[in-house]
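Following: one structure in structure tokens, then a few remarks.
Computed from a predicted structure; not experimentally measured. Worth knowing before you read on, the calculation uses all heavy atoms, side chains too, and leaves out hydrogens, waters and symmetry mates.
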Amino acid sequence: MPPSKPLQFSVRSLLLLVTVLALALALQRCLRLRLLDWLLPVWIMAVVVALGTLSLYCRGHRQTMFLGALVPAVLPLVIGWQVAGVASFALYQFVAAVVGGVTATATRRFLERRGWDRTDAADGEIP
């Protein structure tokens with residue numbers, strides 16, 4: 001069912017924004033500039049919005065992957081970890097998102113192979 005009004009941002013524009021921010025951060029690191037430290041909140045929001053959007057509008061294993069990637073990416077914000085800088089946080093988010101997404105997808109495939117994702121009338125559940 002399509003949404004009643006068009007989305008404000010497309011997945012393409014969000015991913016483009018994240019790419020531009022990543023390139024800006026890489027350039028900052030190469031030139032050893034401290035001008036872009038204010039980008040940490042922007043970076044966090046861009047990654048969270050991109051992963052959240054992908055987890056909402058994808059289906060199947062892709063949705064599982066992006067939901068699994070979203071949780072560890074947001075975890076430092078929830079528990080209040082201190083971050084040394086934008087580059088270290090970006091590296092953490094990348095590694096955590098990959099590990100979380102792969103773990104979620106592997107868990108889903110394990111459950112599907114075992115048949116635990118299906119309801120069974122013998123268990124008293126309504127199919």
Side-chain angles (χ1 to χ4, degrees):
M1 176 180 213
S4 58
K5 64 181 203 176
L7 299 173
Q8 186 174 2
F9 301 105
S10 69
V11 173
R12 181 179 175 190
S13 64
L14 292 173
L15 292 176
L16 182 65
L17 174 67
V18 170
T19 303
V20 168
L21 287 174
L23 291 173
L25 292 172
L27 182 64
Q28 172 202 2
R29 191 65 147 173
C30 291
L31 298 177
R32 299 187 190 276
L33 299 174
R34 302 289 296 171
L35 302 174
L36 300 178
D37 283 342
W38 59 273
L39 279 179
L40 183 60
V42 175
W43 174 263
I44 292 169
M45 289 307 297
V47 170
V48 170
V49 167
L51 289 174
T53 303
L54 288 168
S55 66
L56 285 174
Y57 291 102
C58 290
R59 294 290 176 253
H61 288 280
R62 288 184 181 140
Q63 185 176 32
T64 304
M65 168 71 181
F66 291 122
L67 280 171
L70 180 64
V71 171
V74 179
L75 188 64
L77 304 174
V78 173
I79 63 176
W81 283 351
Q82 296 297 320
V83 180
V86 178
S88 63
F89 191 74
L91 179 64
Y92 163 78
Q93 274 192 322
F94 175 74
V95 171
V98 168
V99 170
V102 169
T103 303
T105 304
T107 303
R108 179 176 176 162
R109 288 183 180 161
F110 173 78
L111 295 175
E112 287 174 346
R113 270 184 295 188
R114 296 257 193 207
W116 295 349
D117 59 328
R118 289 175 270 159
T119 57
D120 191 12
D123 290 338
E125 296 179 10
I126 299 173

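- The hydrophobic cluster containing F110 also includes L111, W116, under a criterion of side-chain heavy atoms closer than 4.5 Å among ILVMFWY residues, counted directly or through chains of members.
- Contact detail for A97 and A69: the closest heavy-atom pair is O-CB, 3.4 Å.
- If you chain together hydrophobic residues whose side chains sit under 4.5 Å apart, V102 and V71 never meet in one group.
- Checked by atom type and distance alone, the side chain of S55 pairs as donor or acceptor with a backbone atom of G52 at under 3.5 Å.
- Note that the CE atom of M65 and the OG1 atom of T103 stand 9.5 Å from one another [nearest 0.5 Å].
- Summarising the geometry, atom NE2 belonging to H61 is positioned 5.5 Å from atom CZ belonging to R109; distances are rounded to the nearest 0.5 Å.
- Residue L70 comes nearest to L51 through the heavy atom pair CD1-CB, 3.8 Å, listed as atom of the first residue, atom of the second, then distance.
- Listed by chain and number, the residues in a side-chain contact (heavy atoms from CB on, under 4.5 Å) with A96 are P72, Y92 (sequence neighbours excluded).
- Y57 and L67 fall into different hydrophobic clusters, defined by Ile, Leu, Val, Met, Phe, Trp and Tyr side-chain heavy atoms under 4.5 Å apart, directly or through other members.
- Taking each heavy atom of R108 and T64 in turn, the nearest pair found is NH1-OG1, 2.7 Å.
- Partners of L56 by side-chain contact (heavy atoms from CB on, under 4.5 Å), not counting sequence neighbours: none found.
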